[in-house]
Amino acid sequence: MQHQPGSRVADIGGEVAERVRQVITQADCSQREFARRIVMDPSKLSRSLGGSRRFTAAELARIADAAGVDAAWLLGSGSGTSPEHVPEPVLPAPRSPEPRPAPEGGRPLQIVRETVRLIAEHGFHAVRVADIAAACRTSTAAIHYHFPGRAELLEAAVRWCMDEDTASRAAHLAEADDAADELHQLIALQTPRTAQQRRQWLVWMDLWAQAARSTAIGRLHVEYYRQWRTTVADVLRRGVEQGVLRDIDPEFSALRLTALIDGLANQVLAGDGEEHSTTPEEMHTALLSHVRTELHA
């Protein structure tokens, strides 16, 4: 049975959801981690598994790619194989004559990474699906096979950046000596010095512009900032408890600090090395000064 990438797949009796559960079990990871691997909203994955939402054909294509199973088996056509086998997918997307082998993580993650790079370099509205296909050395049909439209690509790109940012923060915070050190680590991570940091900030800037016009992207914007401010507030709360920070309101102080980070980062990126523009070093110094004068005990 053929399905359009954006179409919902019928799941009478929950058989498709049960096959996806088998795939997640074989992957030996949490449901949230599996959602990250296939660049899918964890709540959508949960609802699809619970029966209150149906998977799209494109989502099942990404699941098949990540797990190395036949898409036909997930769809229940009877011609595919189960997660114990690792064949090529039965429903491959068309490819160009000289395709680049998909990197570790599979074709969907390659598409998302190239989308992030192109958005950072040119802006979302200037990036065409054909540009992404060329960067991946594949066809536009292959892109639509995994992500039906540009809106899905933007959401996937932003979600991937969010997950990368969250994982990086968790790794650095685990190495910190106390909450004050954690705060300094967060500030360093948010200062756009490296190419990767600048790339993520440029994608965030496109996200802000899109959030004002798109309900779906707006929800993603709210979700990210809720997570980000909660992380900062939790660090500030620990700092108060440890006695390394003043007796402050963690929530309000997190709001002020994240707003300052946003404003300074925008100044750095807008100036882009121009004379008299704000530099990453100046941003970092200003943020540390704010922490010393307003937050340190």
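- Judged purely by distance below 3.5 Å, without hydrogens or angles, the side chains of Q22 and R19 never pair a donor atom with an acceptor atom.
- Without hydrogens or angle criteria, T258 side chain to L255 main chain gives a donor-acceptor distance under 3.5 Å.
- The existence of a salt bridge linking R128 and D131 is confirmed by a sub-4.0 Å separation between a basic side-chain nitrogen and an acidic carboxylate oxygen.
- In the hydrophobic cluster analysis, where Ile, Leu, Val, Met, Phe, Trp and Tyr join through side-chain heavy atoms closer than 4.5 angstrom, L260 is grouped apart from L189.
- Remark: the R113 side chain and the Q110 side chain contain no N/O donor-acceptor pair separated by less than 3.5 Å.
- Counting heavy atoms from C-beta on, the side chains of L109 and W160 come closer than 4.5 Å.
- A ring pair (Phe, Tyr, Trp, His ring centres under 6.0 Å) with H184 is found for exactly one of H290, H296, H172, namely H296.
- Side-chain atoms of V127 and T115, non-hydrogen and from C-beta on, never get closer than 4.5 Å to each other.
- The two residues V112 and A157 come nearest to each other via the heavy atoms CG1-CA, 3.9 Å.
- The shortest heavy-atom contact between L183 and L295 is CD2-CD1, 3.9 Å.
- Here the closest heavy-atom approach between residue P42 and residue R32 is recorded as CG-NH1, 3.6 Å.
- Residues S48 and V20 fail the side-chain proximity criterion, which asks for heavy atoms closer than 4.5 Å.
- Within the model, atoms CG of D163 and OH of Y224 stand 11.0 Å from one another, a figure rounded to the nearest 0.5 Å.
- Proximity of a side-chain donor or acceptor of R8 to a complementary backbone N or O of R54 within less than 3.5 Å is detected.
- No donor-acceptor pair closer than 3.5 Å links the side chain of E121 to the backbone N or O of L118.
- R256 CZ to D249 CG: the interatomic distance, rounded to the nearest 0.5 Å, is 10.5 Å.
- The shortest side-chain heavy-atom distance between V203 and V158 falls under the 4.5 Å cut-off.
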Q | Steps toward side-chain contact (heavy atoms from CB on, under 4.5 Å) verdict (V291, L287) | A | CA-CA 6 Å; V291 168; L287 290 171; 5.7 Å; no
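- Salt-bridge check for R238 with E241: failed, with every basic side-chain N at 4.0 Å or more from each acidic carboxylate O.
- L186 is not listed as a side-chain neighbour of L257, based on a closest heavy-atom distance of 4.5 Å or more.
- Side-chain atoms of P192 and M283, non-hydrogen and from C-beta on, do get closer than 4.5 Å to each other.
- Residues D65 and I38 are not in side-chain contact: their nearest non-hydrogen atoms beyond the backbone lie 4.5 Å or more apart.
- A donor and an acceptor atom, one from each side chain of Y225 and D262, are located under 3.5 Å apart.
- Between E223 and R219 there is no salt bridge, since no side-chain N of the basic residue sits under 4.0 Å from a carboxylate O of the acidic one.
- Of all heavy-atom pairs spanning L236 and A254, the tightest one is CD1-N, 3.6 Å.
- Minimum heavy-atom separation, A10 to V16: O-CG2, 4.0 Å.
- Salt bridge annotation for R237-E251: present, with a cationic side-chain nitrogen under 4.0 angstrom from a carboxylate oxygen.
- Closest heavy-atom contact between A156 and V39: O-CG1, 3.2 Å.
- A donor-acceptor distance shorter than 3.5 angstrom exists from the side chain of D11 to the backbone of A17, with no hydrogens or angles considered.
- Taken from CD in Q190 to NE2 in H284, the straight-line distance is 11.0 Å, to the nearest 0.5 Å.
- Surrounding CZ of R21 are more than 12 heavy atoms belonging to other residues, nucleotides or ligands, all under 6.0 Å away.
- With hydrogens and angles disregarded, a donor-acceptor distance shorter than 3.5 Å links the side chain of T166 to the backbone of M162.
- Counting only distance, with no hydrogens or angles, the side chain of D206 and the backbone of F124 share a donor-acceptor pair below 3.5 Å.
- Between the side chain of D178 and the main chain of D181, a donor-acceptor pair closer than 3.5 Å is present.
- Ring pair H221/W208 is perpendicular by interplanar angle, where above 60° counts as perpendicular and below 30° as parallel.
- Taken to the nearest 0.5 Å, the CD atom of Q267 stands 10.5 Å off from the OG1 atom of T279.
- For the pair S289 (side chain) and T285 (backbone), a donor-acceptor distance under 3.5 Å is absent.
- Remark: the backbone N or O of G149 is paired with a side-chain donor or acceptor of E152 at under 3.5 angstrom.
- Distance check: T140 OG1 to Y145 OH gives 15.0 Å after rounding to the nearest 0.5 Å.
- At least one side-chain heavy atom of F55 sits less than 4.5 Å from a side-chain heavy atom of I63.
- Atom CZ of R150 and atom NE2 of H144 lie 10.0 Å apart (nearest 0.5 Å).
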Q) For V23 and L74, what are the C-alpha separation, side-chain angles and deciding distance, and is it a side-chain contact (heavy atoms from CB on, under 4.5 Å)? A) CA-CA 9 Å; V23 165; L74 283 176; 4.1 Å; yes
Q) Hey, mind stepping through Q197 and T191 against side-chain contact (heavy atoms from CB on, under 4.5 Å) and telling me if it holds? A) CA-CA 7 Å; Q197 287 171 323; T191 303; 5.5 Å; no
Q: Using the side-chain contact (heavy atoms from CB on, under 4.5 Å) rule, take I143 and L153 through it: C-alpha gap first, then chi angles, then the decisive distance, then the call.
A: CA-CA 9 Å; I143 305 300; L153 270 171; 4.0 Å; yes
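- With R53 contributing its side chain and R47 its backbone, the two residues share no donor-acceptor pair below 3.5 Å.
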